[in-house]
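What follows is one structure encoded as structure tokens, with my remarks underneath.
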Amino acid sequence: MLIVADENIPLLDSFFGDIGEVRRVSGRSMAAGEVRDADILLVRSVTRVNRELLEGSRVRFVGTTTIGTDHVDLDWLEQKDIRFAAAPGCNANSVAEYVLSVLSLYAEKRGLADWSQLSVGIVGVGNVGGELARKLERLDFDVRLCDPPRADLGDEGQEFVSLEEAMKCDVVTLHTPLTRESGHPTFHMIGEPELDCLGANQLLINAGRGEVIDSSALLARLGQGDAPTVVLDVWEQEPRIHPELVDHVWLATPHIAGYSLEGKVQGTEMIYQALSQFLGLPVRKKAGQFLPEPALSKISFTSSAVEEDAIRIALRACYDPRRDDIRLRNAMSGSVEERGATFDRLRRDYPVRRECSSLKIQLKGTSKSLQDSFRAIGFKLKI
Ligand SMILES: NC(=O)c1ccc[n+]([C@@H]2O[C@H](COP(=O)([O-])OP(=O)(O)OC[C@H]3O[C@@H](n4cnc5c(N)ncnc54)[C@H](O)[C@@H]3O)[C@@H](O)[C@H]2O)c1
Ligand SMILES: O=C(O)[C@H](O)[C@H](O)COP(=O)(O)O
């Protein structure tokens, strides 16, 4: 059995090596000729999976080791009776931690001693937005949830607000899929009118898909004196992103919010499970057995630790978005093609990043409130 796979999927041999022959190809430039004799196709988000790629091939199963599925023509796969699997939720915690680190930097930029003074509007409350909401609510933030598809379903016990209401919060963070034809399409959902509602004391984060924001409208808004602060992890036209937009946003990262090692390996594991089920094979491998010891495994705080400082130190020890921001900014010279190749290279060669759960926090005589905050973020405590 031939498995053609994006070379950037981690642990291909460990998970799939005994199921079939694994052939690695570039996900970005994958072409029909490379998949014609494949039985199984494994992709990430940069491969367009459609008739053009698969017509005439032997492929019976397509797996994407990602949450997003907007790169896949699901209708066509169904018509052709090709089984499809994605990895819902695999890197949701990684994205939630990305947003928490951004919030800690933003609170500092605003001179707030207590970050939970910020109100946060979460737009798209699925695996990612839901995980973020749980953490923020436990940390005592004022959180408002906007999810019209879920509101339409009359989700019991959950209160949803309109996009307009969510956009009144100090922070607005986008976690919707990219959709064009649903009842609530998200393509350019944030355009000129929405951007005009945001003011200089607000932060807009996009860690969903670039096309959810109209980037021409955003660029125009960022040129005005009362523009909001903006953090972009995702961009229109990746990998050929707009360098002027990079210049104008506060933090710019190359679509890596979900790139914790745990998030990536869980994506591979979920597709391994789906493929095993499809082929009627036993599931014998688990992501946990392949995760190495983290480079940093413990941080200690004593009773003299100031709560806000301790949280900042621990969060940023795990992940500091400013490192990714600098790398992307330094890569914005050269031709459009060179910049695109560099964007992809930053993602391919992404340094190992571990989630907060990999770091033990040792607390000696610290307050109950600090312990609760660390637990809410996802750290393991040693008291
Ligand atoms: N930056 C990254 O690295 C990264 C990582 C993971 C996922 N993502 C993106 O984030 C998206 C969300 O991930 P998820 O796991 O939470 O998906 P999910 O499917 O679990 O949740 C998405 C939620 O968005 C809601 N939604 C749909 N249309 C909406 C609209 N118009 N307004 C408000 N809400 C709307 C849905 O009802 C759903 O509850 C993915 O589709 C993917 O594109 C990005
Ligand atoms: O949809 C997802 O899971 C994320 O956007 C994911 O992190 C994308 O990563 P890529 O497939 O582009 O490597």
Side-chain angles (χ1 to χ4, degrees), residues 5-10 26-28 30 42-49 63-72 86-99 102 121-134 144-153 155 158 160-167 172-190 194 205-212 231-235 238-239 253-268 270-271 321 324 343-344 346-350 353:
D6 181 327
E7 62 197 358
N8 288 348
I9 297 175
S26 153
R28 183 71 76 188
M30 198 182 290
L42 305 179
V43 297
R44 292 191 61 85
S45 78
V46 299
T47 305
R48 298 252 144 243
V49 180
T64 183
T65 63
T66 60
I67 290 185
T69 56
D70 49 286
H71 53 297
V72 181
C90 64
N91 54 39
N93 190 58
S94 175
V95 181
E97 289 185 3
Y98 172 96
V99 175
V102 168
I122 301 179
V123 183
V125 192
N127 283 299
V128 175
E131 183 57 35
L132 178 63
R134 274 188 292 281
R144 275 168 246 168
L145 307 177
C146 165
D147 194 315
R150 282 187 62 189
D152 287 353
L153 291 173
D155 222 323
Q158 195 69 267
F160 293 106
V161 301
S162 63
L163 179 60
E164 198 184 350
E165 271 306 304
M167 296 204 50
V172 181
T173 185
L174 307 177
H175 302 287
T176 66
L178 172 62
T179 56
R180 291 166 202 269
E181 276 144 24
S182 70
H184 300 281
T186 61
F187 177 77
H188 284 190
M189 178 172 75
I190 307 296
E194 291 76 21
I205 304 171
N206 189 7
R209 283 289 181 263
E211 291 79 0
V212 173
V231 172
L232 295 182
D233 178 54
V234 288
W235 307 78
E238 290 177 19
T253 55
H255 193 157
I256 47 65
Y259 265 26
S260 68
L261 186 62
E262 286 84 346
K264 281 194 186 174
V265 172
Q266 279 157 196
T268 312
M270 288 171 82
I271 296 308
D324 286 325
F343 186 90
D344 276 344
L346 288 175
R347 306 187 75 226
R348 187 196 65 203
D349 300 341
Y350 195 65
R353 168 172 136 214

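Both ligands and their constituent atoms are indexed starting at 1 by order of listing. The figures here come from the full heavy-atom set of this structure, side chains too, leaving out hydrogens, waters and symmetry mates. For the single chain, residues carry numbers from 1 onward in sequence order.
- Separation of atoms OG (Ser94) and CZ (Arg353) is listed at 4.0 Å; rounding is to 0.5 Å.
- Residues Pro185 and Arg180 have side chains not in contact (no heavy-atom distance under 4.5 Å, counting atoms from C-beta outward).
- Annotation for ligand 2: atoms under 4.0 Å from non-hydrogen atoms of Asn91 are 2 (C), 3 (O), 4 (C), 6 (C), 7 (O).
- You'll find the side chain of Ile122 stays beyond 4.5 Å of the side chain of Arg144, heavy atoms only.
- When hydrogens are left out, the protein atom nearest atom 12 (O) of ligand 2 is Ser45 OG, 2.5 Å; that is the closest non-hydrogen contact.
- Atoms of ligand 2 lying under 4.0 Å from at least one heavy atom of Arg209, given by number and element, are 1 (O), 2 (C), 5 (O).
- Nearest heavy atom pair, residue Asp147 against residue Val125, reads OD2-N, 2.8 Å.
- In this structure the side chain of Val172 reaches within 4.5 angstrom of the side chain of Val123, judged on heavy atoms.
- The nearest heavy-atom contact from the protein to atom 8 (C) of ligand 2 is His255 NE2, 3.5 Å.
- Pairing each heavy atom of Ala96 with each of Glu131, the nearest pair is CB-CG, 4.0 Å.
- In this structure, the ring pair (Phe, Tyr, Trp, His ring centres under 6.0 Å) partners of Tyr350, at least two apart in sequence or on a different chain, are Tyr259.
- Considering backbone and side-chain N/O atoms, Gly68 comes within less than 3.5 Å of an N/O atom of ligand 2.
- No donor-acceptor contact under 3.5 angstrom links the side chains of Arg44 and Thr66, judged on distance only.
- For ligand 2 and Thr66, the ligand atoms under 4.0 Å from any heavy atom of the residue are 1 (O), 2 (C), 3 (O), 11 (O).
- For the atom pair OG1 (Thr268) and CD (Gln266), the distance works out to 10.0 Å, reported to the nearest 0.5 Å.
- Salt bridge annotation for Asp344-Arg28: present, with a cationic side-chain nitrogen under 4.0 angstrom from a carboxylate oxygen.
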Go ahead and list the nitrogen or oxygen contacts between ligand 1 and the protein that come in under 3.5 Å, distances to 0.1 Å, or just say none.
residue  : atom   : partner : partner atom : Å
ligand 1 : 1 (N)  : Ala207  : O            : 3.1
ligand 1 : 1 (N)  : Asp233  : OD2          : 2.8
ligand 1 : 3 (O)  : Gly258  : N            : 3.0
ligand 1 : 16 (O) : Asn127  : N            : 3.1
ligand 1 : 16 (O) : Val128  : N            : 2.8
ligand 1 : 20 (O) : Asn127  : N            : 2.9
ligand 1 : 20 (O) : Asn127  : ND2          : 3.1
ligand 1 : 31 (N) : His184  : O            : 2.9
ligand 1 : 37 (O) : Asp147  : OD1          : 2.7
ligand 1 : 37 (O) : Asp147  : OD2          : 3.4
ligand 1 : 39 (O) : Asp147  : OD2          : 2.6
ligand 1 : 43 (O) : Arg209  : NE           : 3.4
ligand 1 : 43 (O) : Arg209  : NH1          : 3.3

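- Some N or O of Ile67 is nearer than 3.5 Å to an N or O of ligand 2, by distance alone.
- Looking at atom 13 (O) of ligand 2, its nearest protein heavy atom turns out to be Tyr259 OH, 2.4 Å.
- With ligand atoms numbered from 1 in the order given, ligand 2 contributes 8 (C), 9 (O), 10 (P), 12 (O), 13 (O) to contacts under 4.0 Å with heavy atoms of Arg347.
- Side-chain atoms of His184 and Asp152 form a donor-acceptor pair, as typed in the model, at a separation below 3.5 Å.
- Within the structure, the closest approach of Lys264 to ligand 2 does not fall below 4.0 Å when heavy atoms are considered.
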